[in-house]
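One structure is given below, encoded as structure tokens.
Chain letters run A, B, ... following the sequence lines, proteins first and then strands; every chain starts at 1. Every value quoted in this text rests on a predicted model; they were computed, and no experiment measured them.
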Amino acid sequence: MHNLEIANRLEETASLLELQEANAFRVRAYRNAARTIGDLSEAVAEMVGENPEDLKNLSGVGKDIAAKIVQLVREGSFPLLAELRAQFPAGLLQIMHLPGLGPKKAALLHKELGIQNAEELKAAAVAGKVAELKGFGKKTEQTILASLEQFDRFGQRVLISEARAAAERILHDLELLPGVAQAAIAGSCRRRLETCGDLDLLVTSADAEGAMAALAQHDLVESVLAKGPTKQRVRLRDGLELDLRVVPEESFGAALQYFTGSKEHNIVIRRRATERGLKLNEYGLFDGETAVAGRTEAEIYEAVGLPWIPPELRENRGEIELAEQNALPDLLKLEDIQADLHMHTTASDGTASIREMIEAARERGRKYIAITDHSKRVSMANGLDATRLRKHWAEIRKIREEYSDIDVLLGVECDILENADLDLEDDVLAEADWVLAVLHYGLKQPREQIMLRLLNAIRNPHVCAIGHPSGRMVGRRAGADIHYPDLFKAAADHGVMLEINANPHRLDLDDLQAHAAREHGIPIVINTDAHSTAGMDVMEYGVDQARRAGLTKKDVANTRSLKQFQRLLRTRS
DNA sequence: GCCGTTTTCGGCCCGACTGTTTTCAGTCG
């Protein structure tokens with residue numbers, strides 16, 4: 001059992017306890033334990049096997065929760081969770097996590113209107129029944145409908161981080177099978193979309209039955225939904241569905257190309273084949289009955305007059321034209337990244353100390369970082385006022401002296417307040433090496449006010465970059481209503497960078513806006529926004545997003561050495 | 001339910017906003 005699974009059960013327990021109106025601190029205890037375990041690099045299941053007493057050394061895990069984890073790992077059972085699940089319909093958890101709703105309102109909807117899931121909530125809201133409930137009203141009803149619409153659009157899709165973790169684990173295990181020669185992930189997961197609706201795996205094997213049997217028995221697989229001689233569809237324990245296709249070696253490239261998509265990209269590629277008197281399908285590229293290509297993707301692209309196109313670009317958004325002119329961008333790679341300029345410590349809401357974060361960054365090969373704890377407005381995250389921030393910086397100054405192979409910038413993640421002021425005075429910001437200005441609150445303000453806030457921040461001479469510009473959460477919450485052309489113009493005029501926040505829940509800027517920002521000549525920074533040492537590992541998702549935006553090493557500021565990076569920063573007054 | 005300790009129980013990140021009320025509960029981050 002993986003840490004994430006354990007953390008998910010604890011998190012679900014916390015949510016269900018909330019619905020039950022249990023003691024708020026008990027709820028928090030489960031949530032804290034879930035977070036600790038989710039952020040942990042050692043496997044909890046192994047700790048249970050070796051020395052279960054060690055669990056109690058984890059912060060937020062005491063006698064009770066440790067015992068529950070042991071039982072979960074050893075016996076696969078979690079009685080408290082089972083009992084809670086029996087009390088509330090599963091759909092209620094989704095409802096309570098909709099923006100504008102929480103445990104209290106969700107419980108009331110369930111109690112008063114018997115609502116069990118999102119569909120029933122929608123029907124009740126449309127019928128105007130929600131507004132009649134005590135504590136609700138017309139506005140709340142509208143908020144609910146808007147949240148449901150967002151939820152519908154996301155549907156059953158899961159974040160790329162979750163999809164990849166599952167796909168890569170299964171792929172790895174299939175690769176170890178004796179009969180399997182080649183194996184690959186295809187589909188949206190290979191294209192590194194923000195979310196995946198399902199997973200596609202391809203293998204070549206002398207023993208198709210063996211590969212499918214191994215998949216059916218895989219510990220991530222819950223059930224087999226369909227099975228034929230070359231294709232098997234299974235449902236994973238987390239609900240995601242996965243297609244495995246066993247293809248002949250001479251068709252592997254064709255199948256990979258075909259099942260990677262996108263549909264729009266493939267339509268154009270197939271048309272190019274037709275124009276050349278050829279036919280392209282998942283088995284190969286054919287001249288009449290004769291296969292002329294199919295073993296690799298590259299030979300298929302070559303046969304239709306193109307260089308191989310990276311999967312991240314395959315959306316028919318201009319990549320085929322670039323390929324024709326041999327002008328495909330040399331996309332950014334994870335190893336190009338030299339720095340991480342957005343992270344938190346225990347000074348605000350991070351879980352690791354300054355020293356721990358510096359060392360974790362070194363282990364990941366970063367040459368310089370910025371420590372950017374929250375400003376005071378984010379009181380829930382223990383944000384820093386001027387006095388505490390200055391003390392924090394003094395501490396960082398002292399500690400960074402111990403390290404000769406990594407530079408540490410004095411940073412801050414400064415809120416842009418609802419009234420467009422910055423959360424810290426200019427004299428404080430002037431002392432920072434790196435000021436990241438961000439929106440956290442009032443994201444639903446009208447466009448004019450949002451733009452006033454962003455432009456005001458950009459005009460401030462101390463602001464270096466705008467972090468997670470829209471504030472969106474993938475699949476959960478649309479971001480602020482930004483007029484991007486104005487944002488880009490202002491950022492370009494004032495030499496302010498824009499962030500791609502690499503957290504898979506954010507990925508903000510998105511690929512299209514990151515591409516547009518690059519067109520304006522704005523340097524992009526890709527940062528993890530880590531709240532723990534393990535949080536630094538999400539950099540790859542930010543890099544993937546940049547690749548989808550067509551960005552190269554030179555488009556991304558934190559691929560440079562510190563000296564070169566500082567030259568890119570606007571002149572500091 | 002966890003933590004730290006004054007070792008047995010009190011404190012646990014909280015201020016602002018929203019939409020509902022007519023003084024505040026619920027939600028947000």
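- Donor-acceptor pairing under 3.5 Å is lacking for the side chains of Gln449(A) and Glu418(A).
- Looking at heavy-atom distances under 4.0 Å, Gly442(A) makes no contact with the nucleic acid at all.
- Within the 4.0 angstrom heavy-atom criterion, only backbone atoms of the sugar-phosphate kind lie near Lys138(A); the bases stay farther away.
- On the C1' atoms, dA16(B) is 28 Å away from dG10(B), given to the nearest whole Å.
- Within the 4.0 angstrom heavy-atom criterion, no nucleotide atom of any strand lies near Val27(A).
- His97(A) meets the side-chain contact (heavy atoms from CB on, under 4.5 Å) test with Ser15(A); sequence neighbours excluded.
- Closest to the side chain of Lys139(A), from the set dC17(B), dG19(B), dC2(B), is dG19(B).
- Residues passing the side chain to side chain donor-acceptor pair (under 3.5 Å) test with Glu359(A), sequence neighbours excluded: Tyr403(A).
- In this structure, Leu439(A) atom CG and dC28(B) atom P are separated by 18 Å, rounded to whole Å.
- Within 4.0 Å (heavy atoms only), Leu58(A) reaches sugar-phosphate atoms of the nucleic acid but no base atom.
- Taking atom P on both dT20(B) and dG15(B), the two are 25 Å apart, rounded to the nearest angstrom.
- Spacing between dC12(B) and dG19(B) at atom C1', rounded to whole Å, works out to 29 Å.
- Applying the side chain to side chain donor-acceptor pair (under 3.5 Å) test to Gln142(A) and every residue at least two apart in sequence or in another chain returns nothing.
- What separates CG of Leu101(A) from C1' of dG26(B) is a distance of 10 Å, to the nearest Å.
- Between the C1' atoms of dT8(B) and dC3(B), the separation comes to 12 Å (whole Å).
- As a whole-Å value, the separation of Leu443(A) CG from dT18(B) P is 11 Å.
- Inspection of the Asp426(A) and Asn460(A) side chains reveals an N or O donor paired with an N or O acceptor under 3.5 Å.
- Residues passing the side-chain contact (heavy atoms from CB on, under 4.5 Å) test with Ala386(A) are Arg390(A), Val428(A), sequence neighbours excluded.
- Rounded to the nearest Å, the gap between the C1' atom of dC13(B) and that of dC28(B) is 14 Å.
- Scanning for side-chain contact (heavy atoms from CB on, under 4.5 Å) contacts around Asp64(A) gives Lys68(A), with sequence neighbours left out.
- Every residue two or more places apart in sequence or in another chain was checked for a side chain to side chain donor-acceptor pair (under 3.5 Å) with Arg506(A), and none qualifies.
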Per-nucleotide protein contact string for nucleotides 7-15 of chain B, where B marks a base within reach and S marks sugar-phosphate only (heavy atoms under 4.0 Å, - for neither) | -----BBBS

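- We find that CD of Glu11(A) is positioned 16 Å from P of dG1(B), with the value rounded to whole Å.
- Atom pair His440(A):NE2 and dT27(B):P shows a separation of 21 Å (rounding to whole Å applied).
- For the side chain to side chain donor-acceptor pair (under 3.5 Å) test, residues two or more places apart in sequence or in another chain that qualify with Gln87(A) are Gln20(A).
- Contact annotation: Ser59(A) side-chain N/O to dC2(B) OP1/OP2 distance is not under 4.0 Å.
- Across the protein-nucleic acid pair, Met96(A) atom CE and dG26(B) atom C1' stand 12 Å apart, rounded to whole Å.
- A heavy atom lying under 4.0 Å from DNA chain B marks none of the residues of residues 383-395 of chain A.
- Between the P atom of dG26(B) and the CG atom of Leu133(A) lies a distance of 13 Å, rounded to the nearest Å.
- Counted by atom type alone, Asn382(A) and His374(A) present zero donor-acceptor pairs between their side chains at under 3.5 Å.
- Judged purely by distance below 3.5 Å, without hydrogens or angles, the side chains of Glu413(A) and His344(A) pair a donor atom with an acceptor atom.
- In terms of position on DNA chain B, the residue among Gly102(A) and Val61(A) whose nearest nucleotide sits closer to the 5' end is Val61(A).
- Residues from residues 103-121 of chain A placing a heavy atom under 4.0 Å of any atom in DNA chain B, listed by number, are Pro103(A), Lys104(A), Lys105(A).
- Sorted pairs that involve residues 106-121 of chain A and meet side-chain hydrogen bond (donor to acceptor under 3.5 Å, both in side chains), not counting sequence neighbours, are lacking altogether.
- If you take CD of Gln449(A) and P of dC17(B), they are 12 Å apart, rounded to a whole angstrom.
- The partner of dT8(B), taking Watson-Crick or G-U wobble pairs whose two distances both stay under 3.5 Å, does not exist in any strand shown.
- Looking at residues two or more places apart in sequence or on another chain, you find no salt bridge (Lys or Arg N to Asp or Glu O under 4.0 Å) involving Arg388(A).
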